[in-house]
Amino acid sequence: MPELPEVETIRRCVAPGVIDQTVTDVIIRNPNLRWPVPPALPDCMRGRKISAVERRGKYLLFDCGTGTLIVHLGMSGKMLLEPESKPAEKHDHVDFTLSNGKILRLNDPRRFGCVLWTLEPPRLHPLLRDLGPEPLTEQFHGDLLYERSRGRSVTVKEFIMNSHIVVGVGNIYANESLFAAKIHPTRPAGRISLQRYRQLAAAIKEVLHAAVEQGGTTLRDFCDSAGNPGYFQLELRVYKRAGQPCCACGQPIQTIRQAQRATFFCKKCQH
DNA sequence: TTAATCACCTGAGGGC
DNA sequence: TGCCCTCAGGTGATTA
């Protein structure tokens with residue numbers, strides 16, 4: 001599923017093909033995404049030139065001058081740049097036809113994603129205005145995690161997956177980051193020291209940075225061959241490795257459920 | 001304000 | 001082979 005590194009890779013991948021292109025048409029095949037695709041979207045976008053493609057958390061922002069297209073890929077979405085002649089396939093819900101003969105196409109089998117249009121600065125949009133800092137910037141650091149966790153009884157894993165604390169840490173990277181920082185995922189967030197939060201913040205940055213690099217290699221296929229679905233198998237150390245030996249100590253990786261999500265950890269290395 | 005739970009959705013995989 | 005069930009997961013909304 002697209003996590004922050006995959007979304008960033010898709011942004012880098014599609015940007016050269018859409019920037020400075022004019023949207024000549026918008027085709028909505030299925031408006032029933034997480035929120036209904038605005039029926040007026042074609043009228044809003046037709047004739048507008050895309051000047052930039054940015055990312056905020058897992059949201060892609062297509063700057064069209066006086067308005068912005070906001071796209072979230074949910075759990076199963078992907079955006080592909082395809083030739084105009086390529087017929088739509090199952091789950092191709094929205095097409096943006098561009099002046100260079102390409103189509104920017106949203107495919108999302110589970111329809112957890114969204115396609116929205118806003119005239120206000122996107123950072124003021126209700127979905128984006130309360131988001132936490134970007135994890136790969138200087139605005140995100142261990143001191144911030146420490147300060148914002150005081151008095152919180154929620155587990156540290158749920159805490160770092162909260163997009164109001166920091167954006168882009170999904171289940172996979174939460175598991176991997178906590179392993180790297182040697183912190184047990186069920187520890188209450190408010191009872192972790194500043195020093196350990198500094199280690200955790202560094203681990204989150206390291207894991208996400210490495211994943212962006214790997215995703216960059218993986219997802220390039222989406223642009224070139226338009227649809228190769230295979231994700232590069234990240235070198236995951238705990239995620240989906242239940243019962244397998246820990247790469248550090250050899251003890252079997254444990255799995256539990258937290259907040260309806262699978263958690264993987266090493267009970268010897270993480271405490 | 002915080003925490004817990006629910007809802008949304010479809011494909012994959014396992015059991016029978 | 002086909003049917004049924006469970007699981008996976010991001011995130012806003014709702015409830016306590």
Side-chain angles (χ1 to χ4, degrees), chain A residues 1-11 29-38 55-61 70-79 88-94 106-116 118 122 124-135 145 147-178 185-192 204 208 211 215 227-231 233-234 236 238-243 253 255-264:
Chain A
M1 71 287 318
E3 298 224 20
L4 184 144
E6 285 79 8
V7 177
E8 173 60 20
T9 302
I10 288 172
R11 186 194 69 79
R29 293 190 190 80
N30 186 350
N32 300 315
L33 303 183
R34 180 176 181 86
W35 297 288
V37 178
R55 179 187 58 76
R56 180 72 176 98
K58 296 176 186 174
Y59 291 93
L60 286 168
L61 308 174
I70 301 175
V71 176
H72 195 291
L73 300 175
M75 296 191 48
S76 56
K78 45 185 189 286
M79 291 204 89
E89 297 179 355
K90 193 177 182 183
H91 306 309
D92 284 344
H93 303 313
V94 185
L106 173 72
N107 178 287
D108 185 4
R110 294 186 189 177
R111 292 190 275 128
F112 276 19
C114 68
V115 173
L116 301 171
T118 181
L124 300 180
H125 190 277
L127 288 175
L128 279 71
R129 65 186 174 205
D130 295 325
L131 293 178
E134 290 287 331
L145 289 178
E147 290 161 11
R148 300 199 64 179
S149 65
R150 293 309 89 184
R152 300 284 292 268
S153 60
V154 69
T155 67
V156 63
K157 183 184 174 224
E158 293 171 74
F159 179 67
I160 62 172
M161 288 179 68
N162 183 342
S163 63
H164 298 297
I165 303 299
V166 56
V167 298
V169 182
N171 196 38
I172 295 172
Y173 299 116
N175 279 292
E176 294 297 317
S177 300
L178 287 165
T186 64
R187 281 186 72 90
R191 302 190 63 180
I192 292 175
I204 290 171
L208 288 176
N228 185 345
Y231 283 94
Q233 185 61 51
L234 298 174
L236 302 171
V238 289
Y239 185 75
K240 285 203 171 172
R241 292 196 64 239
I253 298 298
T255 182
I256 57 174
R257 288 191 74 78
Q258 283 182 281
Q260 302 175 340
R261 290 184 180 85
T263 296
F264 301 87

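These figures come from a predicted structure and were not determined experimentally.
Between the side chains of A:T155 and A:Q258, at least one donor N or O lies within less than 3.5 Å of an accepting N or O.
The CZ atom of A:R241 lies 12.5 Å from the OG1 atom of A:T255; values are rounded to the nearest 0.5 Å. Here the straight-line distance linking atom CD1 of A:I160 with atom OH of A:Y173 works out to 13.5 Å at 0.5 Å rounding. We find the NE2-CG distance between A:H72 and A:L33 to be 12.5 Å, quoted to the nearest 0.5 Å.
Atom CZ in A:F264 sits about 13 Å away from atom P in C:dC7, given to the nearest Å. Separating the CG atom of A:L73 from the P atom of C:dG10 is a distance of 13 Å, rounded to the nearest angstrom.
Taking side-chain N and O atoms only, A:Y59 has a distance below 4.0 Å to OP1 or OP2 of C:dG12.
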* Treat primed atoms plus P, OP1 and OP2 as sugar-phosphate and everything else as base, then score nucleotides 1-12 of chain B 5' to 3': B for base contact with protein heavy atoms under 4.0 Å, S for sugar-phosphate contact only, - for none. => -SS--B-BBBS-
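Among the atoms of the strands shown, only primed sugar atoms or phosphate atoms (P, OP1, OP2) are found under 4.0 Å from some heavy atom of A:L127.
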* A:K78/A:E6 under salt bridge (charged side-chain N to carboxylate O under 4.0 Å, His left out): CA gap, chis, key distance, verdict -> CA-CA 9 Å; A:K78 45 185 189 286; A:E6 285 79 8; over 6 Å; no
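Put simply, the residue from A:L127, A:V167, A:V71 that forms a side chain to side chain contact (heavy atoms under 4.5 Å, CB included) with A:Y59 is A:L127.
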